[in-house]
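For reference, the structure is listed below as structure tokens.
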Amino acid sequence: MAEDLVNSYRTGPDEAGRFGTFGGRFVSETLMPLILELERQYVIARDDAGFWAEMDDLWTHYVGRPSPLYHAERLTAHFGGASIYMKRDELNHTGAHKINNVLGQIILARRMGKTRIIAETGAGQHGVATATVCAKFGLKCIVYMGAHDVERQAPNVFRMRLLGAEVVPVISGRGTLKDAMNDALRDWVTNVRDTFYCIGTVAGPHPYPAMVRDFQSVIGRETRAQMLAREGRLPDTLVAAIGGGSNAMGLFHPFLDDAGVRIIGVEAGGRGVDSRMQHCASLTGGRPGVLHGNRTYLLQDDEGQILEGYSISAGLDYPGVGPEHAWLHETGRAQYVAITDAEALEAFRLCCALEGIIPALEPAHALAHVAKIAPGLPRDHLIVMNMCGRGDKDIFTVARHLGIEVRA
Ligand SMILES: *Cc1c(COP(=O)(O)O)cnc(C)c1O
């Protein structure tokens, strides 16, 4: 067990939920008992084989796991260097990795006897995954979504409503994801008895970053076994896109103690990290502060006001990043880079044309970094990138950027 290793990168967080100086639980006194009870219940579930058996069954029969590890031969030939594999989490039910985590939290909520599920959503992907699993289990579902996002993401709002969820437009603050998360936290403290807050990424107060990571780690565990079966060894480099950081943490975590595996997180560089906040690169362009109950890297101005980031990819525009990534960044175990909108669009196009896979704009950022490093690496160098979502949701955005008019 990782727990027994000295100098392991996989033992965190500590009892206070800290990864080095990051993470923790910076919450009001009213929220503290809820957080502590959640942690207690999660630890019981995590150590219960029955809990994981229920997860495995649903992962297999409802989500469609394991997702394939696919050798992208034409992209490999095109770049002319390292051998490129894709972990195909875009093939999951609902089209992305989010459902891996939602299933875990909802099964936990059911064990805790909760009947009302609340969630926050930005682009709407986590809201759709939560509404989906709530429909499956007959649970009441309320999704907080910034009013601005409700307007921008009409198809996902309609999906959530079809699935029986109530979508609450948030008008506080600037009406975006950060404000939706604040409202969800407020709802939780006022509806303590029957409500479970299902967070969509490795952020929020402890135990969320660790719990969400544990649920998403199925990605990395499968990748490890699949690569060993296919190539007889571990990959050399892992690459994943970072919004809050959950798909990346899920791929990275099972490999953190394998010193020979290089780990790279790709943030949204928008119009360039040098541009005045026209990006969402919290690690490469932000600095530490406290938001949503944890200490991490944030996009903020000189006075510490949280700034709204910008990215062509709505799923990457969270102004913070999971605290475990902040720690991996500071310790140097993982490397973080930024990719611009233009680079992501070019990778999107290549992926469609050469592999017959329309990627979400988030993993298109990861592929754009692969495009930068692969040509300079030897042919026996194995890269795995996380294809964490499919691009159906993004075709209108892409069309707009290409100056083409497409109507639904
Ligand atoms: C939500 C989303 C992301 C960003 O979230 P992470 O927690 O960083 O994984 C990335 N890709 C896709 C496809 C998403 O839906």
Side-chain angles (χ1 to χ4, degrees), residues 67 86-102 104-105 119-130 132 143 145 149 153 155-156 159 177 180-181 198-204 208-209 211-220 238-253 264-268 280-283 292 296-297 309 311-326 328 334 336 338-339 344 347-348 351 357-368 385-395 397:
S67 66
M86 294 175 175
K87 179 60 173 162
R88 303 284 307 275
D89 255 53
E90 101 279 12
L91 294 175
N92 294 340
H93 180 43
T94 68
H97 63 288
K98 296 246 166 49
I99 198 160
N100 301 330
N101 160 52
V102 168
Q105 290 195 51
E120 85 293 333
T121 200
Q125 296 302 109
H126 175 59
V128 169
T130 306
T132 297
V143 180
M145 187 169 191
D149 290 327
Q153 310 291 342
N156 274 340
R159 277 187 192 101
L177 173 59
M181 203 155 169
C198 180
I199 295 188
T201 190
V202 284
Y208 283 101
M211 179 170 69
V212 176
R213 172 202 71 197
D214 291 347
F215 293 145
Q216 291 292 3
S217 291
V218 66
I219 300 171
L238 305 175
V239 183
I242 310 259
S246 70
N247 84 83
M249 219 47 246
L251 175 65
F252 298 168
H253 195 257
I264 307 172
V266 183
E267 297 192 299
C280 272
S282 318
L283 287 169
H292 297 141
T296 188
Y297 273 74
S311 166
I312 188 175
S313 161
L316 297 180
D317 69 3
Y318 181 60
V321 61
E324 193 165 8
H325 285 293
L328 292 172
Y336 294 86
I339 282 292
F348 175 97
C351 191
I357 296 171
I358 302 179
L361 281 168
E362 295 90 353
H365 283 71
L367 182 60
M385 65 147 288
N386 202 5
M387 182 55 74
C388 57
R390 63 174 182 233
D392 308 45
K393 68 184 177 63
D394 291 322
I395 55 169
T397 307

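Whatever order the structure lists them in is the order used to number ligands and atoms, beginning at 1. Bear in mind that the values here come from a model prediction, so they are computed numbers and not experimental data.
Asp89 contributes atom CG, which lies 5.0 Å from atom CG of Asn100 (distance to the nearest 0.5 angstrom).
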List the atom pairs, donor and acceptor, that lie under 3.5 Å between side-chain atoms in residues 357-366 and the rest of the protein, sequence neighbours left out.
residue : atom : partner : partner atom : Å
Glu362  : OE1  : Lys393  : NZ           : 3.0
Glu362  : OE2  : Ser313  : OG           : 3.2
Glu362  : OE2  : Gly315  : N            : 3.2
Glu362  : OE2  : Lys393  : NZ           : 3.2
His365  : ND1  : Leu361  : O            : 2.7

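Taking the side chain to side chain contact (heavy atoms under 4.5 Å, CB included) definition, one finds that Thr201 meets it with Ala203, Ser246, sequence neighbours left out. Take Glu267 and apply the salt bridge (Lys or Arg N to Asp or Glu O under 4.0 Å) test, not counting sequence neighbours, and it matches no residue.
For Asn156 and Gln125, the side-chain atoms include at least one donor-acceptor pair closer than 3.5 Å.
Aromatic ring pairs are classed by plane angle as parallel below 30°, tilted from 30° to 60° and perpendicular above 60°; the pair Tyr336 and His325 is perpendicular.
Protein residues with any heavy atom under 4.0 Å from ligand 1: His97, Lys98, Gln125, Thr201, Ile242, Gly243, Gly244, Gly245, Ser246, Asn247, Gly315, Glu362, Cys388, Gly389.
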